[in-house]
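I have placed the structure first, in the form of structure tokens, so that the comments after it can refer back to it.
When a ligand or atom number is given, it counts from 1 through the structure's own listing order.
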Amino acid sequence: MDPLLRWRGEFPILGHTTYMISHSLGAMPRRAAERAREFTDTWAERGVRAWEEGWWEMPVTVGNLIASIIGAGEGEVIMQQNVSIGQAIVTSCFNWSGRRNKLVTDGLNFPSNDYVYHGLERQGARVVSVPSPDGMTMPTESVLEAIDEETQLVSVSHVAFRSSYVQDLAAIAERAHAVGAMAIADLYQSAGTVPVDVRAWNLDFAIGGSVKWLCGGPGAGYLYVRRDLWPRLEPAFTGWMAHEQPFAFAGGPIRYTGDAYRFLNGTPNVPALYTARSGYEIVNAIGVAAIREKSLRQTARLMELADEAGIRVNTARDAAHRGGVVVLDVADGYDVMRELGRREILVDYRPQAGIRVAPHFYTSDQELEQTVGEIRAIVEERAAVR
Ligand SMILES: Cc1ncc(COP(=O)(O)O)c(C=O)c1O
């Protein structure tokens with residue numbers, strides 16, 4: 001008996017849908033609805049007093065629930081609306097007009113990150129994107145080779161969104177530091193399913209969001225910044241919450257506060273922070289080690305089933321490089337994905353990769369068989385009518 005299946009009852013959608021899409025939108029915990037109600041009740045009953053009764057601190061108190069998942073300390077993670085904003089904050093800490101103006105990004109990085117980086121070119125940044133040899137993997141050596149004395153920031157995805165390929169963040173951060181650069185990792189596709197230890201890996205920054213494996217819903221991104229860097233970093237993308245005395249409402253240039261609030265800007269997305277908490281609490285209660293153990297077992301099983309069905313797998317076979325998703329490459333993958341949806345099996349499709357299938361801690365083994373079985377059946381049905 002799989003002990004993690006007892007969590008299924010906490011997720012209403014699992015009662016009627018085979019939910020293999022937690023790499024895109026994790027299932028909503030039942031308790032999130034109560035949290036949304038708690039927000040509106042607080043707003044209704046406490047009014048403006050809610051700010052001093054918890055709302056003001058929420059970017060940090062909620063961030064603490066992420067900190068324990070990614071290996072950060074209390075007060076070291078702050079909530080932002082999304083990864084794109086977090087990237088803009090981090091990159092606004094640097095001067096891109098000098099000789100050290102290179103930003104090394106990996107070719108599997110999420111496009112939004114690249115868009116923010118290329119926007120820095122007008123400030124003098126040189127964006128160097130390390131190509132993936134096959135669109136799926138990223139040899140660590142290639143990233144290390146691109147990092148040199150002119151590099152200011154190295155940005156990689158811990159787990160690639162397209163192929164679920166896992167990168168060696170410790171090695172990349174080490175190389176960045178050896179040449180005087182800093183390293184940022186996008187944890188969106190790892191936190192909550194693959195163990196993360198930002199402090200052990202010596203990352204300078206880490207960033208992510210809650211929509212996927214953390215089952216926290218939209219509007220709750222997060223940013224970790226290594227504590228000893230705080231005094232040296234002054235984000236140009238800022239706002240009054242980052243001021244040492246926000247309620248002095250002083251004009252002129254900002255005087256940054258000493259704690260992690262210096263990486264905040266304007267009013268936080270309070271309702272999203274209420275609803276996001278339930279997912280983090282469940283992930284913390286189970287523990288990522290147990291989630292990963294089950295994920296490795298179930299992704300291996302999915303690949304086995306795909307092999308038996310003659311379906312091509314576009315995911316790393318070795319566990320060290322495999323995240324929580326298995327990518328299955330079939331003819332007309334987009335149409336097959338749509339048909340699966342009509343049959344109440346939710347997955348998604350990415351061009352140049354295939355159908356992304358993701359078990360999570362709430363997935364039963366029977367659902368793996370059902371998913372691959374239906375993919376095979378749909379492919380055969382389509383071939384028969386050609
Ligand atoms: C690795 C990764 N980074 C970032 C994002 C999204 O970023 P944002 O929070 O800016 O929407 C995604 C998801 O869609 C992702 O998979």
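Paired with Glu38 under the rule salt bridge (Lys or Arg N to Asp or Glu O under 4.0 Å), one option of Arg46, Arg277, Arg31 passes, and it is Arg277.
Between Asn113 and ligand 1, no N or O atom pair is found at a separation short of 3.5 Å. Between Ser157 and ligand 1, a contact under 3.5 Å exists for no N or O pair. The distance criterion of under 3.5 Å between nitrogen or oxygen atoms is not met by Val159 with respect to ligand 1.
Comparing Tyr188, Tyr222, Tyr115, Phe161 against atom 4 (C) of ligand 1, the shortest heavy-atom distance belongs to Tyr188.
Ring planes of Tyr165 and His321: parallel class, angle under 30° (limits at 30 and 60°).
Of all protein heavy atoms, the one closest to atom 14 (O) of ligand 1 is Lys212 NZ, 2.9 Å. At the top of the distance list for atom 10 (O) of ligand 1, counting protein heavy atoms only, stands Ser84 OG, 2.6 Å. Scanning the protein heavy atoms around atom 16 (O) of ligand 1, the nearest turns out to be Gln189 NE2, 3.2 Å. Closest to atom 15 (C) of ligand 1, if we only count protein heavy atoms, is Phe110 CD1, 3.4 Å. Of all protein heavy atoms, the one closest to atom 9 (O) of ligand 1 is Val83 N, 2.9 Å. Ranking the protein heavy atoms by distance from atom 11 (O) of ligand 1 puts Asn82 CB, 4.3 Å first.
Taking the centre of each ring, Trp56 and Phe247 come in below the 6.0 Å mark. Between Trp55 and Phe39, the distance separating the two ring centers is shorter than 6.0 angstrom.
When heavy-atom distances to ligand 1 are checked against a 4.0 Å cut-off, Asp186 comes that close only through its side chain, counted from C-beta outward.
Contact detail for Tyr349 and Ile355: the closest heavy-atom pair is CD1-N, 4.1 Å. Gly209 approaches Leu214 most closely through the heavy-atom pair O-CD1, 3.7 Å.
Between Glu150 and Lys102, none of the side-chain N atoms (NZ, or NE/NH1/NH2) sits under 4.0 Å from a carboxylate O, so this pair counts as no salt bridge.
No single ILVMFWY cluster, assembled from side-chain heavy atoms under 4.5 Å apart, contains both Phe161 and Val347.
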